[in-house]
**Q** 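Shown below is the structure under consideration.
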Amino acid sequence: MTFVEFCERLKADKAYIGEDWHLYREDGRPLSRMCRNGYYMVRKMYGHKTYHFMEHRVIWYFCVGSIDDSMVINHKDFDRANNNINNL
C-alpha cells in the first residue's frame with residue numbers, strides 16, 4: 001500500500017485531526033504515538049499487514065493534498081510533536 005492509498009484509507013475510515021494536531025480514529029482513540037526519535041508515527045493494520053507512516057506527513061496530506069517526491073515536510077519550530085499545519 002502506498003502512502004497516498006494509506007491516507008485515503010484513513011480518510012475512508014473517518015480518521016480525523018484532533019485539536020492537538022494528532023490523528024485519531026473515529027471512536028476517539030489515538031492513531032499515533034511518539035517514537036524514540038521524538039517524531040509521531042501513525043500505525044494501522046489493514047488485512048494482515050501493519051503500515052507505518054510519519055504523522056506530520058499524513059497531516060500535511062489531510063490538509064493540503066499530495067506531497068511531491070522532492071518535497072521535505074519538516075517542523076518549522078523543530079518541535080517534532082507540534083504537527084500544526086502552520087508549523088509544517
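Side chains included, hydrogens not; waters and symmetry mates left out as well; all remaining heavy atoms used. Quick caveat, the model's predicted, so the values are computed rather than measured.
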**Q** Val4, Met1: one ILVMFWY side-chain cluster at the under-4.5 Å cut-off?
**A** yes
**Q** Taking the side chain as every heavy atom from C-beta outward, state whether Leu31 and Arg43 have any atom pair closer than 4.5 Å.
**A** no
**Q** Please determine whether residues Ile85 and Val58 belong to a single hydrophobic cluster, defined as Ile, Leu, Val, Met, Phe, Trp and Tyr linked transitively by side-chain heavy-atom distances below 4.5 Å.
**A** yes
**Q** Is the backbone of Leu23 close enough, under 3.5 Å, to the side chain of Glu55 for a donor and an acceptor to pair up by distance?
**A**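 Side chain of Glu55 to backbone of Leu23: a pair is present.
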**Q** State, to 0.1 Å, how close Met71 and Trp60 come at their nearest heavy-atom pair, and which atoms those are.
**A** CE-CZ2, 3.6 Å
**Q** Here's a test for you: under side-chain contact (heavy atoms from CB on, under 4.5 Å), which of Val64, Leu88, Ile59 qualifies with Ile73?
**A**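 The residue from Val64, Leu88, Ile59 that satisfies side-chain contact (heavy atoms from CB on, under 4.5 Å) with Ile73 turns out to be Leu88.
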**Q** What heavy-atom pair brings Tyr40 and Ala81 nearest, and what distance separates the two atoms?
**A**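 Heavy atoms of Tyr40 and Ala81 come nearest at CE1-CB, 3.7 Å.
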**Q** Is a donor on one side and an acceptor on the other found under 3.5 Å between the side chain of Arg80 and the backbone of Asn37?
**A**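 Side chain of Arg80 to backbone of Asn37, a donor-acceptor pair under 3.5 Å: yes, one is there.
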**Q** Are side-chain N/O atoms of Tyr46 and Asp13 paired as donor and acceptor at under 3.5 Å?
**A** yes
**Q** Considering all heavy atoms of both residues, which atom of Cys7 and which atom of Phe62 are nearest to each other, and what is their separation?
**A**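 In terms of heavy atoms, the two residues are closest at O-CE1, 3.7 Å.
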**Q** What are the two closest non-hydrogen atoms of Asn87 and Asp79, and how far apart are they?
**A**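 Taking Asn87 first and Asp79 second, the nearest heavy atoms are ND2-O, 4.2 Å.
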**Q** For Phe6, enumerate each residue passing the ring-ring contact (aromatic ring centres under 6.0 Å, His included) test, keeping only those at least two apart in sequence or located in another chain.
**A** Phe53
**Q** Determine yes or no for a side-chain-to-main-chain donor-acceptor pair under 3.5 angstrom, with His56 supplying the side chain and His75 the backbone.
**A**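 Judged by distance alone, no pair lies under 3.5 Å.
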**Q** To check you understand the geometry: which heavy-atom pair defines the closest contact between Leu10 and Lys44, and what is its length?
**A** CD2-CD, 4.2 Å
**Q** Does Arg25 CZ have over 12 foreign heavy atoms under 6.0 Å away?
**A**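 Yes, the 6.0 Å shell around CZ holds more than 12 heavy atoms from other groups.
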**Q** Residues two or more places apart in sequence or in another chain: which of them pass ring-ring contact (aromatic ring centres under 6.0 Å, His included) with His52?
**A** none
**Q** Carefully, step by step, assess Phe3 and Arg57 under the rule side-chain contact (heavy atoms from CB on, under 4.5 Å).
**A** CA-CA 9 Å; Phe3 173 75; Arg57 295 179 63 82; 4.0 Å; yes
**Q** Measure the CD-CG distance between Glu19 and Asn84 for me, rounded to the nearest 0.5 Å.
**A** 12.0 Å
**Q** With a 4.5 Å limit on heavy-atom distance, are the side chains of Tyr61 and Glu8 in contact?
**A**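 Of all side-chain heavy-atom pairs linking Glu8 with Tyr61, at least one is under 4.5 Å.
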**Q** Val42 and Met34: same hydrophobic cluster, using ILVMFWY side-chain contacts below 4.5 Å?
**A**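 No; Met34 is not reachable from Val42 via cluster members.
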**Q** When rounded to the nearest 0.5 angstrom, what distance separates CG in Asn83 from CD1 in Ile17?
**A** 9.0 Å
**Q** Looking only at heavy atoms, what is the nearest atom pair of Trp21 and Cys63, with distance?
**A**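 Reported closest heavy-atom pair: CZ3-SG, 4.0 Å.
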